[in-house]
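What follows is a short report on a single structure.
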Amino acid sequence: MINITFPDGSVKQFEAGVTPLQIAESISPRLAQDVLAAKVGGVEWDLSRPIDADTDLHLYKWEDPEGKHAFWHSSAHLLAEALQELYPGVKFGIGPAIENGFYYDIDTNGHTLTSADFSAIEKKMIELARRKEPIVRAEISKADALKVFGERGEEYKCELISELEDGSITTYTQGAFTDLCRGPHLPSTAPIKAVKIMSLAGAYWRGDEKRNQLVRVYGITFPKQKMLDEYLALLEEAKKRDHRKLGKEMGLFAFSANVGQGLPLWLPKGAALRDRLEQFLRKIQKQYGYQQVITPHIGNKNLYVTSGHYAKYGKDSFQPIHTPEEGEEYLLKPMNCPHHCEIFRAAPRSYRELPLRLAEFGTVYRYEQSGELHGLTRVRGFTQDDAHIYCTSDQIKDEFLKVMDIILYIFKTLKFDNYEAQISLRDPNNKEKYIGSDENWQKAEQAIIEACAEKGINARTELGEAAFYGPKLDFMVKDALGRRWQLGTIQVDYNLPERFQLEYTGADNQKHRPVMIHRAPFGSMERFVAVLLEHTAGKFPLWLAPEQAIILPISEKFNDYAYEVKRQLEQQDIRVSVDDRNEKIGRKIRDNELNRVPYMLIVGEKEMENGEVSVRKQGEGDKGSVKITTFAANLTEEVNNMINQ
RNA sequence: GCCACAAUAGCUCAGUCGGUAGAGCAUUUCAUUCGUAACGAAAAGGUCCGGGGUUCGAACCCCCGUUGUGGCUCCA
């Protein structure tokens with residue numbers, strides 16, 4: 001008998017050689033039906049693989065990432081099996097599970113695969129899955145593996161095998177298909193009920209553009225058809241919310257080939273929106289003791305040589321600007337930190353000034369690879385909501401707490417109710433990779449961990465994810481469709497204070513080096529507007545909406561009254577316009593509903609007589625008539641409630 | 001940057017075999033003056049991404065470039 005320890009700490013006894021699936025069956029038939037994968041003694045384990053010794057056991061279902069992973073990994077094998085049957089002679093690269101589904105890289109051996117083939121592949125996969133073939137794990141010697149895959153002409157697999165250690169090689173077989181694979185896998189392909197081939201793409205073997213190009217077939221599968229339908233509906237919805245589409249529709253921003261790739265042009269409505277976001281952030285930053293600064297868009301090349309950025313990114317960046325002066329070179333500013341360090345150096349600093357918090361909506365330029373540019377989320381010129389905090393190492397924790405306050409306030413105000421945090425620390429086995437003293441690192445890492453605990457934030461900790469110059473804390477939000485976006489970053493930096501020789505005079509009348517903290521709650525204005533657009537589907541909260549209300553006269557006879565209402569509302573700082581087109585009221589309502597204007601104010605004979613407006617809320621319909629002043633007061637209150645919660 | 005695909009009216013898109021440009025919406029004008037999600041009529045609107053080539057003739061075929069999309073690699 002062996003002892004199996006469960007995640008809740010309980011221990012049960014089983015016969016040696018019992019499988020995780022049998023254990024699940026002993027707990028409940030329902031669990032046995034739902035379980036997809038297991039972890040045994042910290043090792044990913046197949047459900048049908050026997051356990052021989054005392055150990056602990058995790059069972060994973062669809063809801064667990066590990067469960068989905070096994071499901072999609074087995075689906076990748078199913079795809080390969082289908083491709084092998086449909087197109088004999090194809091050779092296989094690798095076929096892993098990914099965040100949403102899986103892919104398989106194949107060498108089609110001359111056959112051209114197009115999206116017209118998708119339905120045939122899907123059909124074949126379903127047909128194979130219905131055979132409910134068991135997926136069988138086998139351990140194989142390196143020599144045998146090379147022989148088996150070599151005979152089948154699987155050159156890519158052979159290359160992989162030749163790099164593996166003998167004794168660690170396993171294969172998985174279902175039906176007539178055998179793949180080199182570490183696992184784990186489902187016990188059989190039976191649970192795969194719904195299949196969708198998503199797309200094709202070219203991918204180089206091992207990501208190396210000098211090697212063969214393979215065809216990457218992307219797919220996704222689910223245990224229920226309904227889940228696939230929901231997933232496809234979600235993709236449809238995401239397409240509708242695409243910020244590039246909404247930005248064009250709503251007149252927020254544009255791009256021009258004449259201006260250049262990745263250089264957004266902010267249209268009047270987009271610029272006003274951005275300005276409102278900046279004001280919002282400025283206001284709270286002021287409360288938290290930040291001081292606004294302004295620095296130029298270019299800087300002498302030597303500044304970036306000092307900061308170290310030139311050595312690291314100079315070649316892959318916008319190239320230096322030359323002046324009539326021989327040998328004089330300037331760079332477009334790729335980040336604001338060096339400029340802010342010079343502001344720190346502009347005066348002798350005392351410990352009494354710390355923490356010194358310098359904020360700037362600083363526009364920076366980075367030469368991103370052309371293939372990486374994407375709408376507003378990846379551009380070559382963008383404005384960071386940047387700030388640098390210069391403080392002592394004892395102040396790090398308190399500063400983190402304050403920045404987290406700002407970030408959480410933003411999330412709350414903009415209704416990003418679902419967020420995660422990640423703490424990135426150094427790799428404890430590789431300490432020499434990092435700059436700064438061991439003591440400082442420990443202090444900073446401890447400060448971040450404590451700050452998260454104090455805020456009640458359940459942050460994931462990743463070792464080895466820190467930058468070479470300091471640990472950091474990142475926030476990820478989930479938008480209305482459940483997609484994750486990285487938003488706020490707080491980053492400790494020991495490098496730049498060193499490079500710029502920053503100093504302050506301490507209470508002991510000695511010179512000390514400050515610590516620097518980089519932070520950007522939005523990341524960049526561009527990226528944040530993009531995320532906000534996709535999160536809200538363009539229906540901005542009232543306080544941000546480009547137009548808060550639009551007045552719809554029933555007919556042209558009431559245009560004068562409409563403009564009088566507009567004048568009165570504008571006096572209360574309400575953003576309002578008049579739809580004075582010669583159209584029927586139904587038409588005006590429809591158009592402005594589609595334009596996402598939060599309030600429509602319908603005015604005709606009745607309203608004019610009583611000094612009223614008939615209020616209609618976007619998406620909700622008729623709300624009845626109120627006095628103009630009442631509407632203005634209600635709207636102002638609604639806005640205030642949104643930003644002062 | 002690499003690979004694949006794409007670019008036609010302000011927007012979304014059609015355009016067959018290479019024979020000289022089309023729809024819906026938006027716009028303008030006319031008509032209408034209307035009560036909570038599309039009234040009607042007409043007009044105007046084109047460097048078919050740019051350049052070169054093949055051809056009697058190119059939106060369409062070929063080459064080069066630009067920009068975009070998806071993926072790969074990258075991300076201070």
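- Scanning residues 378-385 of chain A for heavy-atom distances under 4.0 Å to RNA chain B yields A:Arg378.
- Not a single donor-acceptor pair, N or O on each side, falls under 3.5 Å between the base of B:rU67 and the side chain of A:Gln261.
- Note on A:Glu249: nothing from the nucleic acid sits closer than 4.0 angstrom, heavy atoms only.
- Checking the phosphate oxygens (OP1, OP2) of B:rC74, no side-chain nitrogen or oxygen of A:Arg366 falls inside 4.0 Å.
- In this structure, A:Tyr365 does not reach the B:rA76 phosphate: none of its side-chain N or O atoms is under 4.0 Å from OP1 or OP2.
- Listed nucleotides B:rG1, B:rC34, B:rA37 differ in distance to A:Tyr367; the shortest reach to its side chain belongs to B:rG1.
- A donor-acceptor contact under 3.5 Å is formed by the side chain of A:Ser614 with the base of B:rU36.
- When distances are taken from the side chain of A:Lys606 to each of B:rG35, B:rU66, B:rC34, the shortest belongs to B:rG35.
- No hydrogens or angles were tested; on distance alone, a donor-acceptor pair under 3.5 Å links the side chain of A:Glu607 to the base of B:rG35.
- A:Tyr204 has no side-chain polar atom (N or O) that falls below the 4.0 Å cut-off from OP1 or OP2 of B:rC72.
- Within the nucleic acid shown, A:Ile554 comes within 4.0 Å of at least one base atom, counting heavy atoms only.
- Across all strands shown, A:Arg206 has no heavy atoms under 4.0 Å from either base or sugar-phosphate atoms.
- Between B:rG10 and A:Lys248, no contact under 4.0 Å exists linking OP1 or OP2 to a side-chain N or O.
- Considering only side-chain N and O atoms, A:His374 lies under 4.0 angstrom from the phosphate OP1 or OP2 of B:rG70.
- Residue-level contact check: A:Phe255 touches neither bases nor backbone, having no heavy atom under 4.0 Å from any strand.
- One N or O donor and one acceptor, one from the side chain of A:Asn582 and one from the base of B:rC34, sit under 3.5 Å apart.
- In this structure, A:Ser370 reaches the bases: a heavy-atom distance under 4.0 Å links it to at least one base atom across the strands shown.
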